[in-house]
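When a residue number appears, it is its place in the shown sequence, counting from 1.
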Amino acid sequence: MMLKYLPKGEHFSYNGMIPRTQLAAIDNSENAGGGQAVILKGNNASEARYRRCFPKAHKRWVVKPIMQPKT
């Protein structure tokens, strides 16, 4: 989350670093408790959502949960 508000490619003064760091902490705290997303419509309504991915390191299919979007 820090890289969103404090990119490494830019230089910030000390007075600019403090509010950007605080903003990153506030954003993280606001969205830390988000749960897993659920299906809203259809036959499978209110079931948890998942996605499939094939990581090159493991060479096998893995199912990962889809989390709720940030506020």
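Residue M67 belongs to no hydrophobic cluster, having no ILVMFWY side-chain heavy atom closer than 4.5 Å to its own. Counting Ile, Leu, Val, Met, Phe, Trp and Tyr side chains that sit under 4.5 Å apart, directly or through other members, I26 stands alone, with no cluster partners.
Applying the salt bridge (charged side-chain N to carboxylate O under 4.0 Å, His left out) test to residues at least two apart or on different chains, none of the pairs has a partner in residues 17-26. Residue pairs that meet the ring-ring contact (aromatic ring centres under 6.0 Å, His included) test with at least one member in residues 6-38, sequence neighbours left out, do not exist here. Annotation: ring-ring contact (aromatic ring centres under 6.0 Å, His included) contacts involving residues 36-60, sequence neighbours excluded, comprise F54-W61.
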Only pairs under 3.5 Å count here: list side-chain donor-acceptor contacts from residues 29-43, not counting sequence neighbours, and write none if there are none.
| from | atom 1 | to | atom 2 | distance (Å) |
| --- | --- | --- | --- | --- |
| S29 | OG | A25 | O | 3.0 |
| N31 | OD1 | T71 | N | 3.0 |
| N31 | OD1 | T71 | OG1 | 3.1 |
| N31 | ND2 | D27 | O | 3.1 |
| N31 | ND2 | D27 | OD1 | 2.8 |
| Q36 | NE2 | R49 | O | 2.8 |

Step-by-step side-chain contact (heavy atoms from CB on, under 4.5 Å) determination, M17 to L6: CA-CA 8 Å; M17 289 284 287; L6 294 163; 3.6 Å; yes
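Between K8 and L3 there is a side-chain heavy-atom pair separated by less than 4.5 Å.
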